[in-house]
Amino acid sequence: MSTEKKNDGFMEKHALESIPQSERKHWVSIAMIWIGAIISVSSLMVGGVLVSGLPLRSALLAGFTGYAIVVLFMTFQGVQGADLGRPTVSSASSAFGKSGASFIISFVIGISVMGWFGVQTSITGSAFSSIMKDWLGVNISFQLSAAIWGVIMLMTAVYGYKALSYLNYVAVPALLIMAVYGTVSVISNYGMDSLLNYTPAAPFSFWQGVAITVGGFAVGGVIAPDYSRYAENRKGAILSSVLGVLPMGVMLLSAGALMAIMAGSADMTQVVSNLGFPFIGLLILILATWTTNAVNAYSGGIALTSMFRLKDDKRAMATAVAGIVGTLLAVFGIMNHFIPFLMVLTTGISPIAGVMIADYWITRKGDPAKWKEEEGVRWTGVIAWLIGFAVGYFVHMGSAPVNAIVAAMIANIILTKIMPAEAAADEENNSKDITA
């Protein structure tokens with residue numbers, strides 16, 4: 001009885017354990033989390049970057065294709081999360097072993113999302129300082145602004161799933177209205193014929209455009225179980241992923257592309273200023289960044305909980321630590337030196353999905369009864385991940401995240417066949433699970 005009361009509060013208590021069916025949510029609630037995650041300055045900027053190298057029609061098609069690829073592997077990840085009720089780092093213990101998932105996977109995901117929390121906090125701090133100086137005449141240092149917004153965004157993540165849901169009910173309509181207004185304004189001023197005949201200054205290939213789009217949300221696709229674990233069933237996980245990412249992603253990308261053509265720049269601060277309401281526009285951009293950053297801190301907290309084998313009720317504390325680290329990175333300007341390292345780590349996240357998909361959907365036939373937390377390190381998964389990481393980092397054809405996922409999947413399937421000791425252990429564990 002006391003446990004139920006404890007979990008009925010606003011503060012989320014679940015971290016690595018399975019979410020009870022009684023606490024599962026309607027898919028719309030989860031879709032709103034994903035919509036909030038994709039509503040960000042970076043999503044608009046992807047559209048701006050695409051039209052810098054592609055004609056408008058090709059840019060929009062490349063964007064749609066990229067998001068469709070993300071949603072494809074995100075759906076596999078999300079359904080596994082719904083089946084097991086567990087987040088990414090916990091679900092990965094079958095493919096990587098409990099120790100492998102706790103340390104290797106948690107480290108890669110945890111450091112990456114903490115770092116990106118710092119990046120987004122830097123952007124928000126800079127925008128807020130500009131607003132206060134240019135329109136209110138108040139000088140607030142970047143460091144103080146970043147610290148203030150880092151704490152504000154962190155508190156939302158500390159409270160967990162419910163707070164993220166409420167934040168998105170405010171942020172999503174605000175940015176959506178701005179995007180629609182910007183799109184209508186551009187079309188009215190330029191006309192569709194002029195926009196469709198637009199020629200980019202520095203052309204690049206269609207598949208480069210696809211790669212740019214996939215890379216922009218690849219991490220979100222991999223960590224899908226962190227949120228889909230709340231889905232009532234597989235259908236809910238699929239609907240929340242597809243409808244939470246694809247329509248809004250393409251819409252924001254399109255708006256960003258059109259507004260970038262008008263402004264002649266992918267810099268969203270300049271783009272918003274050209275719309276005629278810079279003060280309100282920048283506030284909306286800050287709100288949009290807030291939703292994305294709260295997701296970064298939330299997933300970082302789950303990763304730290306797994307890495308240090310904390311109890312589930314320490315999830316809020318771990319999230320606070322993740323956000324504080326990211327905020328300090330922003331305040332002390334370390335991000336300028338940290339981003340190359342972050343890019344390497346982000347490359348390492350994509351093949352995690354490849355290994356997990358191969359393990360759950362091919363080796364274990366997508367049957368939750370065959371899933372099991374393997375003790376120690378499962379070397380088939382670790383080696384397959386390293387192969388996928390190498391392919392994603394060194395192969396420069398196509399999309400690096402997609403290359404990494406596919407390479408890791410193939411490697412895991414092959415290694416499971418040629419490493420009979422681990423395969424035999426899997427069969428024994430599966431038999432025990434089925435008998436039980």
Side-chain angles (χ1 to χ4, degrees), residues 16-18 69-106 108-109 218 221-226 228-229 231 233-234 237-238 241 306 348-392 401-436:
L16 304 179
E17 67 180 20
S18 180
I69 291 171
V70 170
V71 166
L72 178 61
F73 69 80
M74 181 180 182
T75 297
F76 285 109
Q77 288 288 91
V79 170
Q80 181 179 355
D83 283 353
L84 306 176
R86 295 170 178 267
T88 310
V89 293
S90 180
S91 298
S93 61
S94 169
F96 293 90
K98 201 169 182 179
S99 296
S102 293
F103 293 102
I104 300 173
I105 307 309
S106 298
V108 173
I109 292 178
V222 175
I223 63 172
D226 289 0
S228 67
R229 62 188 175 135
N233 47 43
R234 287 185 169 187
I238 294 170
S241 296
S306 174
I349 290 182
S350 299
I352 292 173
V355 176
M356 291 178 65
I357 291 170
D359 175 76
Y360 188 71
W361 291 101
I362 297 176
T363 301
R364 302 178 194 273
K365 312 299 183 186
D367 184 355
K370 295 181 178 180
W371 182 91
K372 180 179 176 63
E373 283 189 303
E374 305 288 353
E375 295 298 328
V377 177
R378 192 163 186 262
W379 290 105
T380 51
V382 173
I383 295 171
W385 168 69
L386 288 172
I387 291 172
F389 179 92
V391 170
V402 174
N403 294 342
I405 291 171
V406 173
M409 283 182 61
I410 294 172
N412 187 263
I413 294 169
I414 294 173
L415 288 170
T416 300
K417 298 292 185 182
I418 65 177
M419 296 177 73
E422 289 203 342
D426 286 344
E427 289 298 326
E428 181 180 350
N429 289 329
N430 291 340
S431 298
K432 289 179 180 179
D433 292 341
I434 295 170
T435 302

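Because only heavy atoms are used, hydrogens play no part in the values below, and waters and symmetry mates are left out as well, while side chains stay in.
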Report summary line: In short, Val70 meets Gly221 closest at the heavy-atom pair CG1-CA, 4.4 Å

**Report entry** Distance in Å, Ile413 CD1 paired with Thr380 OG1, rounded so as to fall on 0.5 Å steps
**Finding:** 11.5 Å

Report summary line: On a heavy-atom basis, the closest approach of Ile405 and Ser350 is CG1-O, 3.1 Å

Query raised in the report: Distance from Ile387 atom CD1 to Ile410 atom CD1, nearest 0.5 Å?
Result: 10.5 Å

Query raised in the report: Is the backbone of Lys370 close enough, under 3.5 Å, to the side chain of Arg364 for a donor and an acceptor to pair up by distance?
Result: yes

Query raised in the report: What distance do Thr75 atom OG1 and Gln77 atom CD have between them, rounded to the nearest 0.5 Å?
Result: 10.0 Å

Query raised in the report: With a 4.5 Å heavy-atom cut-off, do Arg229 and Leu84 have their side chains touching?
Result: no

**Report entry** Heavy-atom donor-acceptor pair, Trp361 side chain to Gln80 backbone, under 3.5 Å
**Finding:** no

Query raised in the report: How long is the span from the CG atom in Asn412 to the CD1 atom in Ile362, to the nearest 0.5 Å?
Result: 8.0 Å

Report task. List for me each residue that meets side-chain contact (heavy atoms from CB on, under 4.5 Å) alongside Asp83, sequence neighbours excluded, and say none if there are none. Result -> Val79, Arg234, Tyr360, Pro368

Query raised in the report: How close do Ala237 and Ser228 get, heavy atom to heavy atom, and via which atoms?
Result: CB-CB, 4.2 Å

Query - Any donor-acceptor pair under 3.5 Å from Ser91 side chain to Arg86 backbone - result: yes

Query raised in the report: Can any side-chain N or O of Ser99 pair as donor or acceptor with the backbone N or O of Glu375 at less than 3.5 Å?
Result: no

Report summary line: Residues at least two apart in sequence or cross-chain that pass side-chain contact (heavy atoms from CB on, under 4.5 Å) with Ile69, listed by chain then number, are Thr65, Val210, Val214, Val402

Query raised in the report: In chain order, what residues pass the ring pair (Phe, Tyr, Trp, His ring centres under 6.0 Å) check against Phe73, with sequence neighbours excluded?
Result: none

Query raised in the report: Is there a donor-acceptor contact under 3.5 Å from the side chain of Ser93 to the main chain of Glu373?
Result: no

Query raised in the report: Side-chain contact, heavy-atom cut-off 4.5 Å: Val222 with Met356?
Result: no

Query raised in the report: To the nearest 0.5 Å, how far apart are OG1 in Thr363 and CH2 in Trp371?
Result: 15.0 Å

Report task. Please say which of Thr88, Ile104, Asp226 ends up in a side chain to side chain contact (heavy atoms under 4.5 Å, CB included) with Ile109. Result -> Thr88

Report summary line: Taking every heavy atom of Ala404 against every heavy atom of Gly388, the minimum-distance pair comes out as CB-O, 3.3 Å

**Report entry** Criterion side chain to side chain contact (heavy atoms under 4.5 Å, CB included) against Met409, the qualifying member of Ile414, Val355, Ile357, Asp359
**Finding:** Ile357

Query raised in the report: Do Trp385 and Phe96 have ring centres separated by under 6.0 Å?
Result: no

